[in-house]
S.K.: 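I'd like to ask some things about the structure below.
Naming: A, B, ... by sequence-line order, numbering from 1 per chain.
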There are 2 protein chains.
Amino acid sequence: METGLEFDTRSKLLKAAVVQFGKYGFAGTSVRKIADEAGVNHGSIKYHYSSKDELWRSAVAYLYELLDKTVHADEAKWKDMTPRERIINSATHYIRFSAKHPELSRIVFFETMHESERLDWLTENYIRPYTSRAIARTALAQEEGVYPADIPAMNMHYINIAAAKNIFLMAPEIKRAFDIDVFDDEQIDAHIDAVLKLLLPPINHSSDDALAKKKNDLPNVD
Amino acid sequence: METGLEFDTRSKLLKAAVVQFGKYGFAGTSVRKIADEAGVNHGSIKYHYSSKDELWRSAVAYLYELLDKTVHADEAKWKDMTPRERIINSATHYIRFSAKHPELSRIVFFETMHESERLDWLTENYIRPYTSRAIARTALAQEEGVYPADIPAMNMHYINIAAAKNIFLMAPEIKRAFDIDVFDDEQIDAHIDAVLKLLLPPINHSSDDALAKKKNDLPNVD
DNA sequence: TCTATTTTGATACGATCGGATAAATCACAT
DNA sequence: ATGTGATTTATCCGATCGTATCAAAATAGA
């Protein structure tokens, strides 16, 4: 898998940091382990990134850039879509990203559990702006009749993103308890299908065929 | 708030462990910090619990017992309920528990992110049996027409629990970004309402009043 | 009140942590 | 080929980690 992070020491460190922070969180990850996984001397971290904190911030920034590019991949086509199609498009992109890079949600989760300067930074630079826009879009979709209107937009939003990514966050548990790999392509597709069916009420003026037809145009993130 | 854990050193340690492990996970929590929060000497942990690992397991067991008691509080009345009422009843109990003791979900999340002996123990003793039963109940509810039937029960289940508890897991983030305390009673009620509206399709043979009426009988966990 | 047992407190240990330092090595222009 | 700045490596430091030890203190039963 090409990620553009295989070349120099700095990139190898960033890649290893994403993996380690995504598995063990900030406190559970040691810079020595990151350096080992990257195959470099641990002193290099101090050189390329001034501290463990800076490396963590760089990993978060890298993942958020990926998320941004992924979710907005079809932005140019949005103007030709109905509101419902836009929701389906971005939800599908979001779920595929959650499957491909569960590290971002995991890193955010680790920090969201308690107060810290990292959570300050995370909230100010990413969570607040991203979530504000997402909730605004949710509210708009409610006005447009895509989502149910009798639910607070904030609850709707947090239910949506939880439904989308939870199964990938808990992948090790599901693998262990039921021997199911939720990262398999069929599983990802099944999950996209399940989320859309559950959270998007059926279109009232036409049959299910309309939704089924749209689904063939769903984006693929690779 | 009475929890029955305020009395002796052992109980104070367990209570502090629940809080600390719930905030910082196993790796992020030091036994010295737990002892400080409990107001006892950190050597006492070795005496009452043989190790940090044992203390963690005790905290998990304590929380799962609480969950079990909470979710099955109305079990005796289940035989007089319709399938839909049973789902509403247990979902409501589950959401109230998630709001009252977010530590359990958080501790499980911390461990679910990576492989470990603690995850082995957790899966074998709690996650697998609990989740198996929950998925079986979900499948049954699908057969009974309470949940949509065209979604795999596993996806349905993980979407359900994610929708129910995610907002409480991310409470610090929501507080920080939007100054909303999701643990307020109104917020909890609003969230229960939102989850039930979103994930339980409307009853086809009657109006919404039937659902609204049932809601007055919803259980309260205190 | 004496004694046996339980519980707590003070301290020490080896390991590992993040970070700092300086020497060694490398890439590359002149 | 040589010098120079960029990068890597090898160590070291103080702090903190989990845990072990053992005496002091508290407690309970006779």
S.K.: Roughly how many Å is it from CG in B:Asp36 to P in D:dG18, rounded to a whole number?
M.R.: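 Spelled out: CG on B:Asp36 to P on D:dG18 is 12 Å.
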S.K.: In whole angstroms, how far is the P atom of D:dT27 from the CG atom of B:Asp8?
M.R.: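 Value for this atom pair: 13 Å.
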S.K.: Between P on D:dC17 and CD on B:Gln20, what's the gap in Å once rounded to a whole number?
M.R.: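 My rounded result for the distance is 12 Å.
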S.K.: Please report, rounded to the nearest Å, how far the P atom of D:dT7 is from the CD1 atom of A:Ile45.
M.R.: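 A:Ile45 atom CD1 is separated from D:dT7 atom P by 16 Å.
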S.K.: Name the closest nucleotide to the A:Ser44 side chain, picking from D:dT9, C:dG19, D:dC17.
M.R.: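 Between D:dT9, C:dG19, D:dC17, the one nearest the side chain of A:Ser44 would be D:dT9.
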S.K.: Looking at C:dA12, C:dG18, D:dT21, which one has an atom nearest to any side-chain atom of B:Arg32?
M.R.: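 Out of C:dA12, C:dG18, D:dT21, the nucleotide with an atom closest to B:Arg32's side chain is C:dA12.
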S.K.: Between A:Asp185 and A:Arg96, does any NZ, NE, NH1 or NH2 come within less than 4.0 Å of an OD or OE carboxylate oxygen?
M.R.: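 Looking at A:Arg96 and A:Asp185, the cut-off is not met.
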S.K.: Using heavy-atom distances to pick each residue's nearest nucleotide on DNA chain D, tell me which of A:Tyr47 and B:Ser50 is more 5'.
M.R.: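 Closest to the 5' end, via its nearest nucleotide, is A:Tyr47.
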S.K.: Hey, are A:Lys12 and A:Asp8 close enough for a salt bridge, meaning a charged N less than 4.0 Å from a carboxylate O?
M.R.: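 Between A:Asp8 and A:Lys12 there is no salt bridge, as every charged N stays at least 4.0 Å from the carboxylate O atoms.
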S.K.: Grab the OH-P distance between B:Tyr49 and C:dT6 for me, whole Å please.
M.R.: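 To the nearest whole Å, that distance equals 18 Å.
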S.K.: Given that A:Val31 and B:Asn41 both sit by DNA chain C, which one's nearest nucleotide is further toward the 5' end?
M.R.: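 The 5'-side residue here is B:Asn41.
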S.K.: Are B:Arg57 and B:Asp53 close enough for a salt bridge, meaning some N to O gap below 4.0 Å?
M.R.: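 B:Asp53 and B:Arg57: salt-bridged.
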S.K.: Any side-chain N or O of A:Lys46 under 4.0 Å from OP1/OP2 of C:dG19?
M.R.: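 A:Lys46 to C:dG19 OP1/OP2: no side-chain N or O under 4.0 Å.
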S.K.: Look at the side-chain N and O atoms of B:Thr9 and state whether any lies under 4.0 Å from the OP1 or OP2 oxygen of C:dT7.
M.R.: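 Indeed not, no polar side-chain atom of B:Thr9 lies that close.
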S.K.: Looking only at side-chain N and O atoms, does B:Tyr147 offer a donor or acceptor that is under 3.5 Å from a partner on B:Asn160?
M.R.: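 Short answer, yes.
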S.K.: If you compare every side-chain N and O of A:Ser30 against the phosphate oxygens of C:dT16 (OP1, OP2), does one of them come in below 4.0 Å?
M.R.: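 False: A:Ser30 side-chain N/O out of range (4.0 Å or more) of C:dT16 OP1/OP2.
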S.K.: Rounded to the nearest Å, what distance is computed from the NZ atom of residue B:Lys33 to the C1' atom of nucleotide D:dA15?
M.R.: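 One finds 17 Å between C1' of D:dA15 and NZ of B:Lys33, rounded.
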S.K.: Decide yes or no, distance alone: a donor-acceptor N/O pair under 3.5 angstrom between the base of D:dT19 and the side-chain of B:His42.
M.R.: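 It does, because a donor-acceptor pair links the side chain of B:His42 to the base of D:dT19 below 3.5 Å.
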S.K.: Identify whether NZ of Lys or CZ of Arg in A:Lys165 sits under 6.0 Å from the centre of the six-membered ring of A:Tyr94 and within 45° of that ring's axis.
M.R.: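 No, A:Lys165 does not lie over the aromatic ring of A:Tyr94.
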S.K.: Measure from the side chain of A:His48, starting at C-beta and using heavy atoms only, and say which of D:dT19, D:dT7, C:dG18 lies closest.
M.R.: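 Nearest to the side chain of A:His48 among the choices is D:dT7.
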S.K.: Let me know the distance between CH2 of A:Trp56 and P of C:dG18, rounded to the nearest Å.
M.R.: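 Those two atoms, CH2 and P, are 15 Å apart.
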S.K.: Identify which nucleotide among D:dG18, C:dA20, C:dT8 has an atom closest to any side-chain atom of B:Lys52, counting heavy atoms from C-beta outward.
M.R.: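 That would be D:dG18.
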S.K.: Rounded off to whole Å, could you give me the OH-to-C1' distance for the A:Tyr24 and C:dT16 pair?
M.R.: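 In whole Å, C:dT16 C1' and A:Tyr24 OH are 16 Å from each other.
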